[in-house]
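We name chains A, B, ... by the order of the sequence lines, and we start the count at 1 in each one.
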Number of protein chains: 2
Amino acid sequence: MSTGSQKNISRGLEDLGKIGERKSLGQHVFENLKGAIVKGDIPPGGRLIESRLAETLGISRTPVREAIHKLEREGYLRKLSRGGFSVLGLSLEDVEETFGIRGVLESYAARLAAQNHRKTDLKPLEKKIKLYQKHLDCKDLDALPDINTEFHDLLYALSRSPKLIHMINNLRDQIYRFRQLILRDEKMAKMSNEDHKDMLERIRQRDADGVERLVRDHLTRGKKAVMDSYDELE
Amino acid sequence: MSTGSQKNISRGLEDLGKIGERKSLGQHVFENLKGAIVKGDIPPGGRLIESRLAETLGISRTPVREAIHKLEREGYLRKLSRGGFSVLGLSLEDVEETFGIRGVLESYAARLAAQNHRKTDLKPLEKKIKLYQKHLDCKDLDALPDINTEFHDLLYALSRSPKLIHMINNLRDQIYRFRQLILRDEKMAKMSNEDHKDMLERIRQRDADGVERLVRDHLTRGKKAVMDSYDELE
DNA sequence: AGTTTCTTGTATACAGTATACAAAACAGAC
DNA sequence: GTCTGTTTTGTATACTGTATACAAGAAACT
């Protein structure tokens with residue numbers, strides 16, 4: 001067969017290019033349940049019933065079972081004595097640990113951003129702040145956790161330290177869970193964007209000490225909000 | 001669990017909504033190979049080697065084998081004595097049969113379109129003619145079969161006869177194979193759009209007899225082009 | 001004629017999923 | 001406290017889809 005035809009076969013089959021990305025059904029279920037937990041769609045305390053999930057999804061219990069057990073192993077669910085599984089909240093220890101590490105890593109990332117950024121680097125951050133404000137003004141609080149995350153991702157990126165970014169991202173899911181908790185409160189949501197504006201200004205002024213302090217204060221306030229919401233649950 | 005949480009679980013899992021659409025790997029391969037054959041990316045006479053395809057796709061021979069055998073059963077491939085499979089062209093009988101049936105069904109659909117259409121119905125057809133012309137002017141002949149197909153689909157739709165449309169669509173793949181053969185030739189491609197413009201005008205004038213004649217002539221010319229290209233292959 | 005290469009056919013193993021039945025725990029009635 | 005029914009998970013088995021190894025057949029080459 002001529003090479004022309006060979007190329008056409010390749011082109012005709014380009015839709016199969018995703019073959020390498022094949023995942024089992026159980027893996028799909030796992031990823032989606034995890035995402036729902038992390039985003040708060042299935043809140044802490046929420047109960048999951050294996051047979052009900054399978055029925056809802058129109059699949060057998062086997063892949064659901066596989067997914068649920070993996071989530072249990074990874075600390076997202078705990079087995080209930082009365083049947084089913086419950087979504088675990090993050091413990092107070094988790095809060096202390098996560099915000100502690102964030103305080104160190106993110107303030108350092110901000111410091112590096114203040115020192116290393118180029119002028120044009122700040123435009124995407126400005127855009128995120130504006131987008132956040134727009135959604136906030138419309139009372140669209142559900143959109144804020146994602147936009148907030150994007151703002152912080154951009155900030156981390158300005159550190160130009162892949163290892164640091166990687167370390168912060170190890171906490172990504174816990175951070176997101178806290179974020180969606182904090183940003184449910186409109187007042188906290190407003191303060192958050194004010195903090196972001198202040199951070200951006202300190203970075204622009206190349207005030208490394210100043211932005212580091214702001215980031216620490218930002219996280220301290222966030223941590224307190226989480227602790228307060230835990231008190232409300234008790 | 002409150003119904004609110006139940007709703008959130010459903011929302012969190014909406015990505016799994018496509019579960020019902022699961023297909024085996026072999027089915028994916030089958031559909032993509034068939035598509036490539038129908039579109040002419042793998043032309044008649046093209047040779048397919050099971051083990052080579054598997055290697056190219058990065059999968060085992062088993063799903064490829066399943067797909068190839070299904071294509072053979074459905075008349076797209078034939079087994080070669082020297083190994084591998086060859087893409088079947090459509091036989092002269094296929095040509096006669098397909099264009100014969102098209103002549104009857106599509107001219108009737110056009111007749112109905114002339115009688116039944118509303119003024120605004122013709123705008124999408126005008127758009128397709130313009131789009132076709134644009135691509136033709138740029139010598140982008142590869143895009144023409146799809147646009148041509150969309151034009152005819154819109155025309156069939158104006159018949160407002162679901163059973164008729166369904167019957168025409170039973171020949172959809174053969175029709176497409178002829179179409180990409182015919183429209184390779186720039187002169188034929190030009191004449192095709194002129195025919196479309198004439199058809200649209202006859203429809204606009206509610207000239208049922210006229211448009212029926214035009215459609216028959218259009219198909220007669222197309223059939224001749226296919227026959228001529230078969231002569232060239234011998 | 002013999003050997004090598006190419007390609008498909010076939011068999012077996014394994015992973016993933018569906019489904020049926022068993023087991024355990026809880027709720028309610030008496 | 002006992003019994004029954006319900007709910008839910010645990011376990012076993014069957015089936016499908018896929019990967020892979022080896023056999024078989026045909027063509028090409030020497």
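Within 4.0 Å (heavy atoms only), B:Ser24 reaches sugar-phosphate atoms of the nucleic acid but no base atom.
Residues A:Asp173 and A:Tyr76 bring a donor and an acceptor atom of their side chains to less than 3.5 Å of each other. Side chain to side chain, B:Asp195 and B:Ser192 fail the donor-acceptor criterion of an N or O pair below 3.5 Å. Looking only at atom types and distance, the side chain of A:Ser91 has a donor-acceptor partner in the side chain of A:Asp94 under 3.5 Å away.
If you measure from atom CZ of B:Arg22 to atom P of C:dG16, you get 14 Å, rounded to the nearest angstrom. As rounded to whole Å, 8 Å separates atom C1' of D:dT8 from atom CD of A:Glu50. Whole-Å rounding puts the B:Leu48 CG to C:dT8 P distance at 9 Å. Atoms CG (A:Leu53) and P (D:dT8) sit 12 Å apart, rounded to a whole Å. Between the CD1 atom of B:Ile59 and the C1' atom of D:dT20 there is a distance of 14 Å, given to the nearest Å. Distance CD (B:Glu55) to P (D:dT18): 19 Å, rounded to an integer number of Å. Regarding B:Leu25, its CG atom lies at a distance of 14 Å from the P atom of C:dT17, rounded to whole Å.
Not counting sequence neighbours, the partners of B:Glu96 by the salt bridge (Lys or Arg N to Asp or Glu O under 4.0 Å) test are B:Lys223.
Position along DNA chain C of the nearest nucleotide to B:Thr62 versus B:Ser51 favours B:Ser51 as the more 5'-ward residue.
When distances are taken from the side chain of A:Lys79 to each of D:dT9, D:dT8, C:dT17, the shortest belongs to D:dT9. Distances were taken from every side-chain heavy atom of B:Ser60 (C-beta onward) to each of D:dT9, D:dA19, C:dT7; the shortest belongs to D:dA19.
For DNA chain C, the neighbouring residues in residues 65-76 of chain B, judged by any heavy atom under 4.0 Å, are B:Arg65, B:His69.
Nearest heavy-atom pair, A:Leu80 versus A:Ser86, reported as atom, atom and distance to 0.1 Å: CD2-CB, 3.6 Å. Taking all atoms of both residues into account, the shortest heavy-atom contact from A:Ile49 to A:Gly84 is CD1-CA, 4.1 Å.
Checked by atom type and distance alone, the side chain of A:Arg179 never pairs as donor or acceptor with a backbone atom of A:Leu144 at under 3.5 Å.
Taking a cutoff of 4.0 Å between a charged side-chain nitrogen and a carboxylate oxygen, A:Asp228 and A:Lys224 qualify as a salt bridge. By the 4.0 Å N-to-carboxylate-O rule, B:Arg172 lies close enough to B:Asp153 to be salt-bridged with it.
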Item checked: Per-nucleotide protein contact string for nucleotides 22-30 of chain D, where B marks a base within reach and S marks sugar-phosphate only (heavy atoms under 4.0 Å, - for neither) -> ----SS---
